[in-house]
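Have a look at the structure below, then the notes.
Note that these values count all heavy atoms, side chains included, but never hydrogens, waters or copies made by symmetry. Just so it is clear: chains get the letters A, B, ... in the order the sequence lines come, proteins before strands, and each one is counted from 1.
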Protein chains: 2
Amino acid sequence: MGASIKDVAAKAGVSIATVSHVLNGTRITSQPTRERVLAAIRELGYSQNQSARNLARGRSTLLGLLISDVRNPFFPDITAAFQDQALAHEMDALVMNTNYDPHRTLNSVRRLLGLQVPGVAILTSQIDPAVIDMLARHRIAAVYLDLGRVDKSISNIVIEYETGIVLMLEHLSQLGHRRIAYIGGPLHLNSAQRRKNAFIETAARLGLDPSLALDADFTVKGGYFACSKLLSVPQPPTAIVAGNDLTAIGVLHRAYDGKIRVPEDLSVTGFDDILFAEYTQPALTTASIPRAEIGRVAFQAIWTMLSDPELAGREYRVPTRLVVRESTVPPANGRERSHHGIQSEPSVR
Amino acid sequence: MGASIKDVAAKAGVSIATVSHVLNGTRITSQPTRERVLAAIRELGYSQNQSARNLARGRSTLLGLLISDVRNPFFPDITAAFQDQALAHEMDALVMNTNYDPHRTLNSVRRLLGLQVPGVAILTSQIDPAVIDMLARHRIAAVYLDLGRVDKSISNIVIEYETGIVLMLEHLSQLGHRRIAYIGGPLHLNSAQRRKNAFIETAARLGLDPSLALDADFTVKGGYFACSKLLSVPQPPTAIVAGNDLTAIGVLHRAYDGKIRVPEDLSVTGFDDILFAEYTQPALTTASIPRAEIGRVAFQAIWTMLSDPELAGREYRVPTRLVVRESTVPPANGRERSHHGIQSEPSVR
DNA sequence: CTGAAAGCGCTAACAC
DNA sequence: GTGTTAGCGCTTTCAG
């Protein structure tokens, strides 16, 4: 079944080299020979043996993509975008889950090295120095997420968490909200720290109360209880900005389970754009990390280094965006409440 | 950087063949040599060149996994399970999105063939005969989802949609529900047809009204309007079973958007277990397709065929399950309404 | 129990 | 514009 390049050469009446060259466009071939080769290929249903090709070239057409877990909704978009880019460049993406396990991660990298991948994207939340080291030592083009370092063969994608928070506050402020609260995450996380700072600074700048910032733990429960707290005062906020999606879910659970008094038009705003499409509540403005773009940029970074003999790495900044849905509400004393409920084209996957 | 087997052999003072054999456990080696080889490998940080290995063996350690789209929540669980299994067997899963595009699918398969993969799992909803053919012709172990055919080198995974429906109705019936409606999908879909039949038969068996079955279109909108219809009669159902997750979402949207009268304790039940974790409504009993199991079984099927020189395929039946959440409710005249809202351990990913 | 050597299918000089 | 051929690093007979 496996027609080889030899068969093609024989059938087309040319040398093996010629076949290889038309296949790779690696040297000019006369129109007629070229066509005979192509015909032979078609008739034999031949497809290049990548193992052989990779062996001869010393590098494979596989690119490694390390993510924490495909089941984490953060990753599918990234993955798909990365794969699309790879495909467009005649490469394949080998996606691996690290399951948040450093051991498994290192092992995966080892496998990737064995597969002779020329480049790897490491988009896990935690990054083991041993991994960076191993990849660098082997001169593999590598991109990391929020690594904060750039080097020969090392690129870095920086997510600008601030932009989303700023845009969100400006948006809410413009809708007329004056008491806007923020529920953040554990401050040992870089992203939590930066979001909180952005909130405080922006709140101050917009003349809002910067002290309405709470630190939770980026979990559903944390959001739930933080929300309770915020709404238990005489003058509760009219809008809540959640520092990440799980927090926002918790806030929504709390705000709409009917057990506490809630400002009629409380606006809940989240970060990360995860899962919100499924909510019927008017809580649908989110600041979102442009995931697909991260996937594209990750590929781009690798590709750039690969086409550069120096493998010079660089930094890529990806701003977070504001996603405004129809159902965002102004405070109760503001304009008329907008229409809620099902959207014309539900963004459910 | 790339230490090769030759280097290892030199360092260990043995032949290349010996190194290869200790690496693959393919013939008995004396303890001392074995250890010297292992030591050399460790010191050199050597890892097998898979390209060369694959070329020599004529097959790669890569397994293809074709799915429609990682962004479709149906697939991540499957993917992860498949990958885990592969990893446990020293193989890697090359996951590819077909984007529901037959062209792209065929192209992917061609790529996989080029990569010399020994096996492929095709878990897309639509299956192109050309793909089956191509795979079969190349004697690649292939496993399909609901293909309905088994052959040499072809295995098939059958999802038993019926079980979930049956279990769901028995469960609701046991809670005291008597008017249970069903909203299904377009009958040209095998799964829709089978679910509906299961509903009708089971309803009859349980002494319920089998005529309460509606056909919608497996979309959010479809569920929305079907729900309207069901609730607009004098004696609306006390429980609604949705044929798939999107339908259930539509039903929930409708039932809880405050625009129509809803039985106080309407129970909505869905299929596929997608996205429900995010709902605060008491709609959390689902019949679910055990996705992780599908991933495991898919790998298992391939693995079995690979270790069988005959590549004899077989059929694997995977029953759907009932997932009961705390918040399922009996009808209003039944027992006390159970506690709703946040769960102690929110199953949010 | 171990080694020598013939490929696996392809790429990339190097010739012509 | 085309052909010859020496590897790429490994597996796997076949000898010892």
Worked verdict on B:Asp7 versus B:Tyr46 for side-chain contact (heavy atoms from CB on, under 4.5 Å): CA-CA 9 Å; B:Asp7 304 324; B:Tyr46 165 76; over 6 Å; no
Going through the checks in order, is the side-chain contact (heavy atoms from CB on, under 4.5 Å) test met by A:Asp146 and A:Val158? CA-CA 5 Å; A:Asp146 276 339; A:Val158 177; 4.1 Å; yes
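Side-chain atoms of B:Arg57 and base atoms of C:dG7 include no donor and acceptor less than 3.5 Å apart. Contact annotation: side chain of A:Arg27 to base of D:dG3, donor-acceptor pair present below 3.5 Å.
Nucleic acid contact for A:Val19: none, since no nucleic acid atom lies under 4.0 Å from a heavy atom of the residue. Using a 4.0 Å heavy-atom distance criterion, B:Gln48 is classed as a sugar-phosphate-only contact. Note on B:Asn24: only backbone sugar-phosphate atoms sit closer than 4.0 angstrom, heavy atoms only; bases stay farther off.
Closest to the side chain of B:His21, out of D:dT13, C:dT2, D:dG9, is D:dT13. When distances are taken from the side chain of A:Ala17 to each of C:dC10, C:dA12, C:dG3, the shortest belongs to C:dA12.
With B:Tyr100 as the fixed residue, the side-chain hydrogen bond (donor to acceptor under 3.5 Å, both in side chains) test singles out one of B:Thr105, B:Asn72, B:Thr124: B:Asn72. If you run side-chain contact (heavy atoms from CB on, under 4.5 Å) between A:Arg36 and each of A:Val22, A:Val14, A:Ile41, only A:Val14 comes through.
With rounding to whole Å, A:Leu115 atom CG is found 20 Å from D:dC8 atom P. To the nearest angstrom, C1' of C:dA12 lies 12 Å from CD1 of A:Ile5. In this structure, A:Leu23 places its CG atom 11 Å from C1' of C:dT11, rounding to the nearest Å. Residue A:Lys6 contributes atom NZ, which lies 13 Å from atom P of D:dT4 at whole-angstrom precision. Between the CG atom of A:Leu55 and the P atom of C:dT11 there is a distance of 11 Å, rounded to whole Å. At whole-Å resolution of the value, CG in A:Asn54 and C1' in C:dT11 are 11 Å apart. For B:Gln116 and C:dG9, the CD to P distance is 8 Å, given to the nearest whole Å. Nucleotide C:dT2 holds its C1' atom 11 Å from the CD1 atom of B:Ile28, rounded to whole Å.
Ring planes of A:Phe82 and A:Phe299: perpendicular class, angle over 60° (limits at 30 and 60°).
Mapping A:Arg34 and B:Ile16 onto DNA chain D by nearest heavy atom places A:Arg34 at the nucleotide closer to the 5' end. Mapping A:Ser20 and B:Thr29 onto DNA chain C by nearest heavy atom places B:Thr29 closer to the 5' end of the strand.
Here B:Thr18 does not reach the OP1 or OP2 of C:dT2: none of its side-chain N or O atoms lies under 4.0 Å away. The phosphate of C:dG3 (OP1 or OP2) has a side-chain N or O of B:Ser15 nearer than 4.0 angstrom. At D:dT2, one or more side-chain N or O atoms of A:Ser30 fall inside 4.0 Å of OP1 or OP2 (strictly under the cut-off). Within the 4.0 Å cut-off from OP1 or OP2 of C:dC1, not a single side-chain nitrogen or oxygen of B:Thr33 is found.
Remark on the helix from C:dC1-D:dG16 to C:dC16-D:dG1: inter-end axis angle 30°, axes from five-pair C1' superpositions, rounded to 10°.
Atom CD of A:Gln126 sits in a sparse spot, with 12 or fewer heavy atoms from other residues, nucleotides or ligands closer than 6.0 Å.
Distance check, rounded to the nearest 0.5 Å: CE of A:Met305 to CD1 of A:Ile154 gives 7.5 Å.
With hydrogens and angles disregarded, a donor-acceptor distance shorter than 3.5 Å links the side chain of A:Arg104 to the backbone of A:Asn97.
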